[in-house]
Amino acid sequence: MFLMDDIVRDGDPVLRQEAKKVKFPLSADDKKLAHNLMEYLEVSQNPELCEKYKLRAGVGLAAPQVGVSKMMASVLVPNDDENEKGKPLFKDVIINPVIVSNSVQRGALTEGEGCLSVDRDVPGYVPRSARITLKYQDVDGNEHKIRLKNYPAIVCQHEIDHLHGILFYDHINKDNPFKRDDDEVFIY
Ligand SMILES: Cc1nc(NNC(=O)[C@H](CC2CCCC2)CN(O)CO)c(F)c(N2CCN3CCOC[C@@H]3C2)n1
Ligand code: NI
């Protein structure tokens with residue numbers, strides 16, 4: 001199971017590398033990696049376990065963040081916290097993901113973004129595409145082509161950035177971090 005000690009921090013070159021495509025069928029190691037990347041999110045979203053293992057909660061985790069420069073990331077975007085019963089908005093390990101198209105309209109999380117690999121707050125809006133069409137393979141090698149918007153779209157863009165050596169604060173406007181474009185959607 002991954003713990004915070006396994007998470008590589010900003011400054012480590014692996015976070016600025018272009019990750020390598022993953023070959024199918026997955027090796028045993030890659031299968032284990034995929035499992036562990038998703039397990040981290042599940043454990044971190046359980047209040048008791050999160051506390052017990054001293055984790056930072058996460059809704060996404062990319063392989064380079066655990067020192068593995070491969071095109072793989074886990075995403076677990078829960079339904080609004082109230083009714084935990086609801087099934088997640090999006091849950092999968094996205095392998096060799098490609099954003100094949102994106103809306104002109106931009107979107108950003110109202111509270112800005114953070115990153116498990118960045119141990120400091122970097123205030124400001126992180127402008128992203130409000131909607132994306134994402135192509136990826138799952139652990140079984142099945143091809144998926146899905147349209148995402150709002151929260152899941154933002155999370156997937158944050159994770160795919162990691163696979164290309166991009167960190168969230170690279171997108172924050174230096175002169176005016178809270179610059180709002182008029183047609184931008186803000187996601188709570
Ligand atoms: C938005 C949010 N970001 C959390 N952390 N940061 C992360 O996930 C980083 C990735 C996200 C940062 C912004 C977009 C993607 C990790 N990144 O570095 C991976 O590359 C959260 F933890 C969180 N939630 C809301 C849902 N809640 C359900 C119950 O459990 C607690 C959980 C907390 N929402
Ligand atoms: Ni991150």
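Remember, it's 1-based here, ligands and their atoms both numbered in the order they're listed.
Residue pairs satisfying the side-chain hydrogen bond (donor to acceptor under 3.5 Å, both in side chains) criterion with at least one member in residues 32-42, sequence neighbours excluded, are listed as follows: E42-K91.
Looking at R128, its side chain never comes within 3.5 Å of a backbone N or O of G107 through a donor-acceptor pair.
Residue G114 places no N or O, backbone or side chain, under 3.5 Å from any N or O of ligand 1. Polar contact check, Q65 against ligand 1: a nitrogen or oxygen pair lies under 3.5 Å apart. Taking any N or O of A57, backbone or side chain, at least one lies under 3.5 Å from an N or O belonging to ligand 1. Residue Y151 places at least one N or O, backbone or side chain, under 3.5 Å from an N or O of ligand 1. Backbone and side-chain nitrogen or oxygen atoms of L116 are examined, and one is located within less than 3.5 angstrom of a nitrogen or oxygen of ligand 1.
Electrostatic pairing of D30 and K70 counts as a salt bridge here, judged by a charged N lying under 4.0 Å from a carboxylate O.
Not counting sequence neighbours, the partners of S69 by the side chain to side chain contact (heavy atoms under 4.5 Å, CB included) test are V14, Q17, A19, K20. Contacts of R131 classified as salt bridge (charged side-chain N to carboxylate O under 4.0 Å, His left out), with partners at least two apart in sequence or in another chain: none.
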- Check against side-chain hydrogen bond (donor to acceptor under 3.5 Å, both in side chains), S117 and R9: CA-CA 4 Å; S117 296; R9 305 303 154 89; 5.8 Å; no
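The environment of K174 atom NZ is dense: over 12 non-hydrogen atoms of other residues, nucleotides or ligands sit within 6.0 angstrom. Atom CG of N176 has more than 12 heavy atoms from other residues, nucleotides or ligands within 6.0 Å.
Taking a cut-off of 2.8 Å, the protein N, O or S atoms nearer than that to the Ni ion (ligand 2) are C115 SG, H158 NE2, H162 NE2.
Listed by number with element, the atoms of ligand 1 under 4.0 angstrom from any heavy atom of Q45 are 29 (C), 30 (O). Of all atoms in ligand 1, listed by their number and element, those nearer than 4.0 Å to a heavy atom of C115 are 18 (O). Listed by atom number, the atoms of ligand 1 under 4.0 Å from P78 heavy atoms are 26 (C), 28 (C). Close contacts of ligand 1 with G60, meaning ligand atoms under 4.0 Å from a residue heavy atom, involve 8 (O), 16 (C), 17 (N), 19 (C).
Summarising the contacts of atom 10 (C) of ligand 1 with Q157, E111, E159, the nearest heavy atom is found in E159. Heavy-atom proximity to atom 17 (N) of ligand 1, evaluated over E42, H158, E113, R128, is greatest for H158.
Taking CZ of R56 as the start and CG of L61 as the end, the distance is 11.5 Å to the nearest 0.5 Å.
A cation-pi arrangement is not found for R106 relative to Y125, the charged atom failing to lie both closer than 6.0 Å to the ring centre and inside a 45° cone about the ring normal.
When hydrophobic clusters are built by joining Ile, Leu, Val, Met, Phe, Trp and Tyr residues whose side-chain heavy atoms come closer than 4.5 Å, directly or via intermediates, I7 is not grouped with V75.
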